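The structure appears below as structure tokens.
Here is how names work: the chains are called A, B, and so on, in the same order as the sequence lines, proteins then strands, and each is numbered from 1. Computed from a predicted structure; not experimentally measured.
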Protein chains: 2
Amino acid sequence: MTTAQEQGLPYDVFSRACPSRGTLEHVTGRWGALTLGALHEGSFRFNELRRRVDGVSEKMLSQTLQALERDGLVHREAQPTNPPRVDYELTPLGREVAERLLALIHCVERRMDDVLSARRGYDEARAARTPLTG
Amino acid sequence: MTTAQEQGLPYDVFSRACPSRGTLEHVTGRWGALTLGALHEGSFRFNELRRRVDGVSEKMLSQTLQALERDGLVHREAQPTNPPRVDYELTPLGREVAERLLALIHCVERRMDDVLSARRGYDEARAARTPLTG
DNA sequence: CAGCATCCTACCGGATACTG
DNA sequence: CAGTATCCGGTAGGATGCTG
């Protein structure tokens with residue numbers, strides 16, 4: 001119904017070879033998703049972002065930003081001052097993607113209690129099936 | 001503006017310790033996203049899903065489905081027949097999540113040409129800066 | 001401050017073989 | 001058919017040290 005091919009679109013993420021898979025992974029990856037989410041709030045410097053995205057290492061933030069910049073989702077603005085100052089912000093394309101992403105993130109956050117109770121149910125049912133030291 | 005804390009929500013994916021991070025990773029992970037996307041089209045048997053999600057291994061599909069079932073996003077219906085028949089489908093919660101996810105996937109698919117041209121631009125600019133053999 | 005280079009480990013994930 | 005169990009390589013990703 002909403003499939004890419006059915007709409008005649010040239011890119012279909014369900015195909016192994018489609019380049020959209022790579023970009024989707026940059027966008028939804030562990031740090032990509034949080035970085036885009038953070039940047040939706042505005043422009044940030046490198047270390048500001050690092051503090052905002054709790055737990056990300058310097059290396060991974062750097063890699064993530066490069067991938068997102070390469071995909072045209074993030075704009076990097078470096079000022080040749082001393083000390084250096086670099087600001088990151090979303091491009092129009094990045095904003096478009098980030099909005100969909102945030103809708104997803106907020107949906108998960110909102111329904112988190114249901115998820116946690118589902119987990120308890122699942123684990124209890126399993127524990128019942130495997131009495132001891134499963 | 002759209003931050004979890006600013007809305008007074010109890011779960012904030014930007015915090016390292018928040019359980020919503022784990023669920024978000026199940027949902028947006030390499031195979032989780034494609035599996036949810038596929039299941040949005042209807043109910044599927046295990047091997048139907050495997051064919052639909054091009055490239056997924058038996059092992060990863062199995063793991064992915066278990067994680068999604070545990071999080072209450074997927075319902076597993078096993079019939080004790082021989083040969084066995086197991087059907088997977090989204091729960092109402094899963095449908096809610098999958099719709100947001102598909103909006104994101106389709107957005108990426110739609111704008112894929114812009115992504116690819118951004119990549120070419122990025123790579124050319126880099127190549128110009130590093131004349132030969134980096 | 002804003003990174004890059006290096007090292008090292010955990011685990012993601014594919015291939016294969018086996019079970020009910 | 002619908003999985004589980006095992007082995008194994010590649011890489012994601014953390015820690016550390018250095019640069020401009």
Does [N] have its OP1 or OP2 closer than 4.0 Å to a side-chain nitrogen or oxygen of [X]?
{"X": "A:Tyr88", "N": "C:dG3", "result": "yes"}
{"X": "B:Ser62", "N": "D:dT4", "result": "yes"}
{"X": "A:Arg45", "N": "C:dA2", "result": "yes"}
{"X": "A:Arg76", "N": "C:dG3", "result": "yes"}
{"X": "B:Gln63", "N": "D:dG3", "result": "no"}
{"X": "B:Ser57", "N": "C:dA15", "result": "no"}

Please state how far atom [atom1] in [X] lies from atom [atom2] in [N], giving the value in whole angstrom units.
{"X": "A:His26", "N": "D:dG13", "atom1": "NE2", "atom2": "P", "value": "11 Å"}
{"X": "A:Asn82", "N": "D:dG20", "atom1": "CG", "atom2": "P", "value": "12 Å"}
{"X": "A:Arg16", "N": "C:dG13", "atom1": "CZ", "atom2": "C1'", "value": "14 Å"}
{"X": "B:Arg30", "N": "D:dT11", "atom1": "CZ", "atom2": "P", "value": "11 Å"}
{"X": "A:Asn47", "N": "C:dC4", "atom1": "CG", "atom2": "P", "value": "13 Å"}
{"X": "A:Arg50", "N": "C:dA2", "atom1": "CZ", "atom2": "C1'", "value": "11 Å"}
{"X": "A:Glu77", "N": "C:dA2", "atom1": "CD", "atom2": "C1'", "value": "15 Å"}
{"X": "A:Met60", "N": "C:dA2", "atom1": "CE", "atom2": "P", "value": "19 Å"}

| task | Report the distance from atom CZ of B:Arg110 to atom CD of A:Glu96, rounding to the nearest 0.5 Å. | result |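 Nearest 0.5 Å value for the CZ-CD distance: 6.5 Å.
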
Nearest-neighbour nucleotide for the [X] side chain, [options] considered:
{"X": "B:Lys59", "options": "D:dA2, C:dA15, D:dG14", "result": "C:dA15"}
{"X": "A:Val86", "options": "C:dG14, C:dA2, D:dC1", "result": "C:dA2"}
{"X": "A:Gln66", "options": "C:dG14, C:dC4, D:dT4", "result": "C:dC4"}
{"X": "A:Phe46", "options": "C:dA2, D:dC1, C:dC4", "result": "C:dA2"}

| Taking the six-membered ring of A:Phe44, is the NZ or CZ of A:Arg52 close enough (under 6.0 Å from the centre) and on axis enough (within 45°)? |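 No, A:Arg52 and A:Phe44 do not form such a contact.
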
| query | Which comes earlier along DNA chain D counting from the 5' end, the contact point of B:Pro83 or that of A:Pro83, where each point is its nearest nucleotide? | reply |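 The residue mapped nearer the 5' terminus is B:Pro83.
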
| message | I need the minimum non-hydrogen distance between A:Arg70 and B:Asp123, along with the two atoms involved. | response |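 Looking at all heavy atoms of both residues, the closest pair is NH1-OD2, 2.5 Å.
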
| Under 4.5 Å between any side-chain heavy atoms of B:Leu65 and B:Arg76, yes or no? |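 B:Leu65 vs B:Arg76: side chains apart.
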
| Pair B:Arg85-B:Asp87, salt bridge (charged side-chain N to carboxylate O under 4.0 Å, His left out): steps then yes or no | CA-CA 7 Å; B:Arg85 178 191 177 100; B:Asp87 290 273; 3.0 Å; yes

